[in-house]
Amino acid sequence: MPHHALEITLTRPLPSAALHRAAGLLPLAANHDATRLMALVVAKTPQRAARRLRHRLGTHLPIDVITTHYPDADHSVLLNAAFPPAVHAALTTNARGAQQSTERFLELAVRRSLAEHADREADRLDRAVRHLLAHTTPAYLLAAVGHALTRLPERPMP
């Protein structure tokens with residue numbers, strides 16, 4: 001049976017004692033502040049692996065989201081989120097109204113949101129480049145971008 005690499009996002013940092021207890025149930029690797037964990041889970045499918053992981057660790061950890069660490073052949077990542085009952089009920093009602101399963105309804109909503117974000121980001125970058133080009137030449141701008149890319153920050157600058 002295949003192993004699936006899963007990433008766990010926690011709702012709050014995990015104390016070292018809690019991490020140690022959870023690692024006794026399933027080997028885990030934590031990031032620097034123990035808000036993200038990695039686990040390998042044996043299961044037939046990524047969906048079963050995520051369910052198995054949530055079942056084994058859900059009562060021991062404040063799990064927010066579980067995702068597959070590597071995209072599948074379609075470049076998709078599985079997103080496993082547990083919603084409070086009221087939110088789940090609202091999602092189910094909206095999905096039925098759209099004549100879709102809850103999973104499909106959420107998938108389409110996430111894809112739509114990501115596409116809108118990508119469009120907004122492309123527009124923002126286009127405006128920024130046009131503003132820069134109003135004050136310099138394409139050659140200088142390209143050299144400056146190349147220089148900046150050689151010094152990439154750990155996180156995007158505002």
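Everything numeric in this text was worked out from a predicted model, so none of it was measured.
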Leu141 and Thr137: CA distance, side-chain angles, deciding distance, side chain to side chain contact (heavy atoms under 4.5 Å, CB included) verdict | CA-CA 6 Å; Leu141 179 58; Thr137 66; over 6 Å; no
Between Lys44 and Met1, which heavy-atom pair has the shortest distance, and what is it?
-> N-SD, 3.5 Å
Do the side chain of Asp74 and the main chain of Ser76 share a donor and acceptor less than 3.5 angstrom apart?
-> no
Under a 4.0 Å N-O cut-off, is there an ion pair linking Asp126 with Arg130?
-> yes
Compare all side-chain heavy atoms of Pro27 with those of Leu40 and state whether any distance is below 4.5 angstrom.
-> no
Of all residues at least two apart in sequence or in a different chain, which pass the side chain to side chain contact (heavy atoms under 4.5 Å, CB included) check with Val77?
-> Thr67, Thr68, Pro71
Could you tell me the separation between the OG1 atom of Thr45 and the CZ atom of Arg51, rounded to the nearest 0.5 Å?
-> 6.0 Å
Backbone N or O of Leu26 within a donor-acceptor pair of the Arg56 side chain at under 3.5 Å?
-> no
For atom NE2 of His135, is the number of surrounding heavy atoms from other residues, nucleotides or ligands below 6.0 Å larger than 12?
-> yes
What pair of heavy atoms forms the shortest contact from Ala50 to Leu78, and how long is it?
-> CB-CD2, 3.9 Å
Minimal heavy-atom distance between Ala22 and Leu61, with the atoms involved, is CB-CD2, 3.7 Å
So, Asp64 side chain and Thr9 main chain: donor-acceptor pair closer than 3.5 Å or not?
-> no
Look at the side-chain heavy atoms of Ile, Leu, Val, Met, Phe, Trp and Tyr, link any pair under 4.5 Å apart, and say whether Leu57 and Met38 land in one connected group.
-> no
Going by an N to O cut-off under 4.0 Å, is there a salt bridge joining Glu107 and Arg111?
-> yes
Check: His88 main-chain N/O paired with Thr92 side-chain donor or acceptor under 3.5 Å | yes
Would a hydrophobic clustering, with Ile, Leu, Val, Met, Phe, Trp and Tyr connected at side-chain separations under 4.5 Å, put Leu6 with Leu25?
-> yes
Could you point out which residue of Leu53, Val65, Thr35 forms a side chain to side chain contact (heavy atoms under 4.5 Å, CB included) with Ile8?
-> Leu53
Should Asn80 and Arg54 be marked as a side-chain hydrogen bond (donor to acceptor under 3.5 Å, both in side chains) after you check the CA-CA gap, both sets of side-chain angles, and the distance that decides it?
-> CA-CA 9 Å; Asn80 176 294; Arg54 190 174 289 280; 2.7 Å; yes
Polar side-chain atom of Arg52 near backbone of Val41 as donor-acceptor pair, under 3.5 Å = no
Linking I/L/V/M/F/W/Y whenever any side-chain heavy atoms sit under 4.5 Å apart, do Val145 and Leu133 land together?
-> yes
Heavy-atom closest pair (Leu37 atom, Ala30 atom, distance to 0.1 Å) is CD2-CB, 3.4 Å
Please answer whether the main-chain N or O of Ala43 pairs with a side-chain N or O of His4 as donor and acceptor at a distance below 3.5 Å.
-> yes
Atom CD of Gln99: over 12 foreign heavy atoms under 6.0 Å | no
For Asn94 against Phe105, the heavy-atom pair lying closest together | CB-CZ, 3.6 Å
Which distance, rounded to the nearest 0.5 Å, do you find between the CD of Glu7 and the CZ of Arg36?
-> 4.0 Å
Spatial distance of atom CG (Leu132) from atom OH (Tyr140) [nearest 0.5 Å] = 15.5 Å
Can Arg151 and His147 be counted as having a side-chain donor-acceptor contact under 3.5 angstrom?
-> yes
Closest heavy-atom contact between Phe83 and Leu106?
-> CE1-CD1, 3.8 Å
